[in-house]
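So you know, we letter chains A, B, ... as the sequences are listed, proteins then strands, and number each from 1.
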Protein chains: 2
Amino acid sequence: MRIGELAQKSGVSRDTIRFYERNGLITSTVGDSETNSYRNYKDDCLVWLQFFAGAREAGMSVADLRSIVEATAESCDREVARAVVQRKIEELKERANQIGNVVRFLENALSGSG
Amino acid sequence: MRIGELAQKSGVSRDTIRFYERNGLITSTVGDSETNSYRNYKDDCLVWLQFFAGAREAGMSVADLRSIVEATAESCDREVARAVVQRKIEELKERANQIGNVVRFLENALSGSG
DNA sequence: CTAAACCGTGGACAATGGTCTATTGTTTTC
DNA sequence: GAAAACAATAGACCATTGTCCACGGTTTAG
């Protein structure tokens with residue numbers, strides 16, 4: 001599919017898709033038309049982009065995402081990939097914990113001074 | 001207390017403290033020495049800074065923090081403050097949820113392709 | 001055929017959240 | 001009293017994460 005369709009389906013803007021591509025989060029191929037150099041995106045790009053959107057909201061950096069993408073590439077060791085992802089999971093859980101602390105602090109502040 | 005002590009106790013760098021102060025997260029007063037213009041920070045600055053550190057880790061922006069600080073100022077309506085803080089709490093909980101989704105996605109990816 | 005919509009490339013611009021440096025003056029410590 | 005540590009201010013600088021714009025070319029719809 002072309003970038004416009006991908007953008008529309010994923011809800012991620014063309015510019016951001018290109019930005020992600022420049023940063024190695026997704027890849028595309030140049031189609032074989034002789035008249036243009038439009039790029040082609042496979043379905044898994046859509047899946048990734050949807051994941052990226054959620055992950056960014058969850059506070060993961062583009063660098064984090066890249067490390068996951070890279071680790072899970074076909075060429076990579078399964079065990080290494082597993083370790084990288086596991087690590088990110090731990091970090092996310094820590095972050096969730098931290099959010100819990102902050103929420104408790106704020107709730108406490110509310111009831112304490114209310 | 002002076003900025004150095006505050007930095008050391010809070011674990012937040014002088015530069016960052018000044019940055020926060022410029023952005024209205026904390027305030028200080030100029031001491032009454034005739035020879036210098038060193039600023040004075042009260043104990044509650046330390047409490048705030050510790051909160052800020054956790055809140056930033058939890059993904060809150062400086063603007064978020066400012067809105068909390070401003071809403072909870074003495075001069076402000078208790079009910080307004082409560083509403084602002086409650087709103088932030090909801091946002092944090094949403095974020096925690098989002099993290100949960102991402103974690104589940106990643107855990108699934110691990111067990112799915114493992 | 002023509003206008004509208006699309007595409008690629010490249011680079012400028014912007015907001016956020018700091019960090020570092022330079023300069024000048026003050027305290028503290030030896 | 002000299003050196004080391006601290007302080008204030010101002011401004012430069014940096015990475016991150018996009019967004020926007022201009023350009024020239026392509027495809028599609030009417």
Quiz question: by atom type and distance under 3.5 Å, do the side chains of A:Gln98 and A:Glu94 form a donor-acceptor pair? no
Rounded to whole angstrom units, what separation is found between the CZ atom of B:Arg18 and the C1' atom of D:dA8? 6 Å
Rounded distance in Å - CG (A:Asp15) to P (C:dG11): 15 Å
Could you check how far CG of B:Leu25 sits from P of C:dT16, rounded to whole Å? 13 Å
Are OP1 or OP2 of D:dA8 and a side-chain N or O of B:Ser28 less than 4.0 angstrom apart? no
Check whether any side-chain N or O of B:Arg39 sits under 4.0 Å from OP1 or OP2 of D:dT9, and answer yes or no. yes
Minimum-distance nucleotide to B:Arg56 side chain [options: D:dT9, C:dG25, C:dG17]: C:dG17
Please report the closest heavy-atom contact between A:Arg14 and A:Ala7, naming both atoms and the distance. N-CB, 3.9 Å
Select one nucleotide: of D:dA7, D:dT27, C:dT27, the one nearest the side-chain heavy atoms of B:Arg14. D:dA7
With the side chain of B:Thr16 defined as its heavy atoms from C-beta on, choose the nearest nucleotide among D:dT27, C:dT27, C:dT19. C:dT19
Among D:dG18, C:dT19, C:dT9, the one nearest any side-chain atom of B:Phe19 is C:dT19
With respect to the side chain of B:Asn36, which nucleotide from C:dT27, D:dG18, D:dC21 is positioned closest? C:dT27
Closest to the 5' end of DNA chain C, once A:Asn40 and B:Ser37 are matched to their nearest nucleotides, is A:Asn40
Distance, rounded to the nearest Å, where A:Leu65 contributes CG and D:dT17 contributes C1': 12 Å
Is the shortest side-chain N/O distance from B:Ser13 to OP1 or OP2 of C:dC20 below 4.0 Å? no
Taking for each residue the nucleotide of DNA chain C bearing the nearest heavy atom, is the 5' side occupied by A:Glu5 or by B:Ser61? A:Glu5
Using a cut-off of strictly less than 4.0 Å, decide whether B:Thr35 has a side-chain nitrogen or oxygen near OP1 or OP2 of C:dG25. no
Could you state the CG-C1' distance from A:Leu49 to D:dG18, rounded to the nearest angstrom? 14 Å
Heavy atoms from other residues, nucleotides or ligands near CG of A:Asp43 exceed 12 (cutoff 6.0 Å): no
How many whole angstroms separate atom CG of A:Leu6 from atom P of C:dC6? 14 Å
May I ask you to decide if the ring planes of A:Phe52 and A:Tyr20 are parallel, tilted or perpendicular, using 30° and 60° as cut-offs? perpendicular
When you measure from the side chain of A:Val62, which nucleotide among C:dG17, C:dC7, D:dT17 comes out closest? D:dT17
So, taking the atom named CD in A:Glu70 and the one named CG in A:Leu25, what distance separates them when rounded to the nearest 0.5 Å? 9.0 Å
In this structure, how many angstroms lie between the P atom of D:dA15 and the CZ atom of A:Arg66, rounded? 14 Å
Measure the distance from CZ on B:Phe52 to C1' on C:dG17 and round it to the nearest whole Å. 14 Å
I'd like to know if A:Tyr20 reaches the base of D:dG18 with its side chain such that a donor and an acceptor end up less than 3.5 angstrom apart. no
Minimum-distance nucleotide (side-chain atoms of A:Tyr38 versus C:dT27, D:dT19, D:dT27): D:dT27
Taking NZ, NE, NH1 and NH2 as the nitrogens, is one of them in A:Glu91 or A:Arg87 under 4.0 Å from a carboxylate oxygen of the other? yes
